[in-house]
Amino acid sequence: MSAPRTDVEEVARVNTAFYEAMERGDFEELSTLWLAPMDIDGAEHTADPEDLEDAETTEATDRGTEVSCVHPGWPVLTGRGEVLRSYALIMANTEYIQFFLTDVHVSVISDTALVTCTENILSGGPAPEDSDELGPLVGQLVVATNVFRRTSDGWKLWSHHASPVLAESGEEETDDSPS
């Protein structure tokens with residue numbers, strides 16, 4: 001495969017690397033793909049006013065709110081530490097995961113890039129007791145938005161938001177159906 005030549009190609013490559021790191025359970029690689037405080041000079045961050053009562057808290061909050069993540073069914077996670085802990089938890093509790101990305105769209109404006117895609121996920125839980133086989137495989141359909149920022153080290157993930165796609169029941173609604 002040839003090296004990416006455009007910003008769109010490079011963002012698509014980094015987006016793919018994010019999902020591949022998850023598939024391999026490579027926490028170190030995944031960590032390098034997320035934006036770090038030193039990646040953006042002069043970035044401004046917001047925080048809950050209650051967290052800004054003293055200078056020590058202000059400094060810690062300002063350093064830690066650059067990134068955000070919403071996993072399906074989870075609350076918003078804010079700050080590099082909290083986001084990376086969530087991935088460590090997911091990796092520690094998922095025996096197998098594979099992403100088939102479809103409907104991938106990449107947009108780049110200046111130093112910010114937006115990727116939308118459908119994550120067709122196949123995952124397996126822990127093996128049943130007294131067995132070397134994977135646990136049951138489960139399929140899930142999720143739509144995701146990934147926001148990247150250009151840094152001196154290349155494109156870094158700034159925000160990941162994933163929401164489950166509700167499966168259609170196949171039943172037609174009637175006038176008696178609740179709306």
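Scope of the values below: all heavy atoms of this structure, side chains included, with no hydrogens, waters or symmetry mates.
- Residues Glu82 and Val76 share a closest heavy-atom pair of OE2-O, 4.4 Å.
- Arg80 places no side-chain N or O within donor-acceptor distance of the main-chain N or O of Val67, the cut-off being under 3.5 Å.
- Under the 4.5 Å side-chain contact rule for hydrophobic residues, Trp74 and Ile121 share a cluster.
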Walk me through whether Thr6 and Val108 qualify under side chain to side chain contact (heavy atoms under 4.5 Å, CB included). CA-CA 10 Å; Thr6 68; Val108 177; over 6 Å; no
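- Residue Val143 is not grouped with residue Val104 when hydrophobic side chains (ILVMFWY) are merged at heavy-atom distances under 4.5 angstrom, including chains of intermediate members.
- To the nearest 0.5 Å, the span separating OG1 on Thr94 from CG on Leu89 amounts to 9.5 Å.
- Put simply, the side chain of Tyr96 reaches to within 4.5 Å of the side chain of Leu122, judged on heavy atoms.
- Of all heavy-atom pairs spanning Ile97 and Met22, the tightest one is CG2-O, 3.7 Å.
- Closest heavy-atom contact between Trp155 and Val14: O-CG1, 3.6 Å.
- For the pair Gln98 and Glu23, the minimum side-chain heavy-atom distance is below 4.5 Å.
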Would you please test Leu114 and Thr145 for side chain to side chain contact (heavy atoms under 4.5 Å, CB included) and show each step? CA-CA 7 Å; Leu114 178 72; Thr145 301; 3.3 Å; yes
Output side-chain donor-acceptor pairs under 3.5 Å for residues 28-35, partner residues at least two apart or in another chain, one line each.
residue: Ser31; atom: OG; partner: Phe27; partner atom: O; Å: 2.9
residue: Thr32; atom: OG1; partner: Glu29; partner atom: O; Å: 2.7

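- For the pair Val115 and Phe18, the minimum side-chain heavy-atom distance is 4.5 Å or more.
- None of Val83, Leu84, Val70 except one satisfies the side-chain contact (heavy atoms from CB on, under 4.5 Å) rule with Leu77; the exception is Val83.
- A salt bridge links Glu10 and Arg13; the closest N-O separation between the charged side-chain nitrogens and carboxylate oxygens is under 4.0 Å.
- The closest donor-acceptor contact from the side chain of Asn120 to the backbone of Phe100 lies under 3.5 Å.
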